[in-house]
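Here the structure is laid out as structure tokens; the discussion comes afterwards.
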Amino acid sequence: QVQLVESGGGLVQPGGSLRLSCAASGSNFRINAMGWYRQAPGKQRELVARLTRGGITTEADSVKGRFTISRDNAKNTVYLQMHSLKPEDTAVYYCNGDFTSSRPPYLTHNYWGQGTQVTVSS
């Protein structure tokens, strides 16, 4: 059982910056990958950025050069540093991760955080 807790959302002006954090808690698990998704009203949830255990990153074209995903393995935490924010970045941002139990039968599950609101507006 894993819980994901997000923080760092808020209201920011266009061109501003925010850093989102997602901390994974629980026991007897290994993180395979963690990432961020977002969903704006009336839109489908979309991938923003993803980071695998091996350090491979994936970023949506719309955020390349502006957003950076990173992690602190010791804290089981993933971050999304957002710069040059645009109104179209406004959405609920969700943390997501794939976790495998460190004990038999080594089951893998996908978990979602509760979401944190990011609003970019002047």
Side-chain angles (χ1 to χ4, degrees):
Q1 186 71 26
V2 176
Q3 296 81 43
L4 301 177
V5 179
E6 299 132 322
S7 62
L11 175 65
V12 64
Q13 293 185 337
S17 300
L18 282 174
R19 188 178 75 159
L20 306 183
S21 299
C22 175
S25 63
S27 61
N28 301 317
F29 67 86
R30 188 185 79 168
I31 302 172
N32 301 323
M34 292 183 69
W36 293 92
Y37 292 71
R38 67 186 182 186
Q39 187 167 24
K43 304 293 184 180
Q44 291 187 330
R45 190 171 299 186
E46 64 176 353
L47 174 69
V48 177
R50 183 176 173 87
L51 178 63
T52 72
R53 180 177 179 84
I56 300 173
T57 60
T58 300
E59 297 172 320
D61 289 341
S62 60
V63 307
K64 286 182 178 178
R66 300 188 298 121
F67 293 8
T68 302
I69 189 169
S70 62
R71 66 189 176 195
D72 184 334
N73 290 332
K75 297 181 179 180
N76 291 328
T77 298
V78 65
Y79 306 94
L80 185 68
Q81 181 66 60
M82 304 183 292
H83 294 296
S84 301
L85 283 162
K86 305 174 181 179
E88 50 263 45
D89 295 318
T90 296
V92 177
Y93 284 69
Y94 296 91
C95 183
N96 176 265
D98 291 323
F99 301 84
T100 300
S101 61
S102 58
R103 297 179 177 180
Y106 308 112
L107 297 177
T108 298
H109 297 281
N110 185 261
Y111 295 87
W112 290 92
Q114 79 286 351
T116 184
Q117 178 71 46
V118 172
T119 302
V120 184
S121 176
S122 60

Listed by chain and number, what are the ring pair (Phe, Tyr, Trp, His ring centres under 6.0 Å) partners of Tyr111, not counting sequence neighbours?
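Partners of Tyr111 by the ring pair (Phe, Tyr, Trp, His ring centres under 6.0 Å) criterion, ordered by chain and then number, come out as Phe99.
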
Do [X] and [Y] come close enough that some side-chain heavy atom pair is under 4.5 Å?
X	Y	result
Arg103	Asn28	yes
Val48	Phe67	yes
Met34	Leu4	yes
Thr68	Leu80	no
Asp72	Tyr79	yes
Val78	Cys95	yes

For Arg50 and Tyr37, indicate whether the former's side chain and the latter's backbone hold a donor-acceptor pair under 3.5 Å.
no

Glu59 side chain vs Val63 backbone, donor-acceptor pair below 3.5 Å
no

For residues Ile31 and Leu20: do they belong to one hydrophobic cluster (side chain heavy atoms under 4.5 Å, members Ile, Leu, Val, Met, Phe, Trp, Tyr)?
yes

Phe29 vs Ser101, test: side chain to side chain contact (heavy atoms under 4.5 Å, CB included). Steps then yes/no.
CA-CA 4 Å; Phe29 67 86; Ser101 61; 5.7 Å; no

As a quick check of understanding, evaluate side chain to side chain contact (heavy atoms under 4.5 Å, CB included) for Ser17 and Gln81, giving each step before the final call.
CA-CA 8 Å; Ser17 300; Gln81 181 66 60; 4.2 Å; yes

Tell me whether the guanidinium CZ or amine NZ of Arg45 lies under 6.0 angstrom from the six-membered ring centre of Tyr94 and within 45° of its axis.
yes

If we count only N and O atoms by modelled type, under 3.5 Å, do the side chains of Ser21 and Thr77 hold a donor and an acceptor together?
no

Tell me, with the steps shown, if Ser62 and Arg38 meet side chain to side chain contact (heavy atoms under 4.5 Å, CB included).
CA-CA 12 Å; Ser62 60; Arg38 67 186 182 186; 3.4 Å; yes

I would like to know whether Gln1 and Gln3 meet side chain to side chain contact (heavy atoms under 4.5 Å, CB included); could you show each step before the answer?
CA-CA 7 Å; Gln1 186 71 26; Gln3 296 81 43; 3.0 Å; yes

Which pair of non-hydrogen atoms, one from Arg53 and one from Arg30, has the smallest distance, and what is that distance?
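Scanning both residues, the minimum pair turns out to be NH1-CG, 3.1 Å.
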
Asp89 with Lys86: basic N within carboxylate O range, under 4.0 Å
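No salt bridge links Asp89 with Lys86.
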
Let me confirm one number: the [atom1]-[atom2] distance from [X] to [Y], rounded to the nearest 0.5 Å.
X	Y	atom1	atom2	result
Arg71	Asn76	CZ	CG	10.5 Å
Leu11	Ser121	CG	OG	6.5 Å
Thr57	Lys64	OG1	NZ	9.0 Å
Ser25	Lys75	OG	NZ	15.0 Å
Thr58	Leu47	OG1	CG	7.0 Å

Got a sec: does the CD of Glu88 have more than 12 other heavy atoms crowding it under 6.0 Å?
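Enclosed.
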
Side-chain donor-acceptor contacts of residues 112-119 below 3.5 Å, not counting sequence neighbours, with atom names and distances?
| unit_1 | atom_1 | unit_2 | atom_2 | d |
| --- | --- | --- | --- | --- |
| Trp112 | NE1 | Asn110 | OD1 | 3.4 |
| Gln114 | NE2 | Glu6 | O | 3.4 |
| Gln114 | NE2 | Glu6 | OE1 | 3.3 |
| Thr116 | OG1 | Gly9 | N | 3.3 |
| Gln117 | NE2 | Ala91 | O | 3.4 |
| Gln117 | NE2 | Thr119 | OG1 | 3.3 |

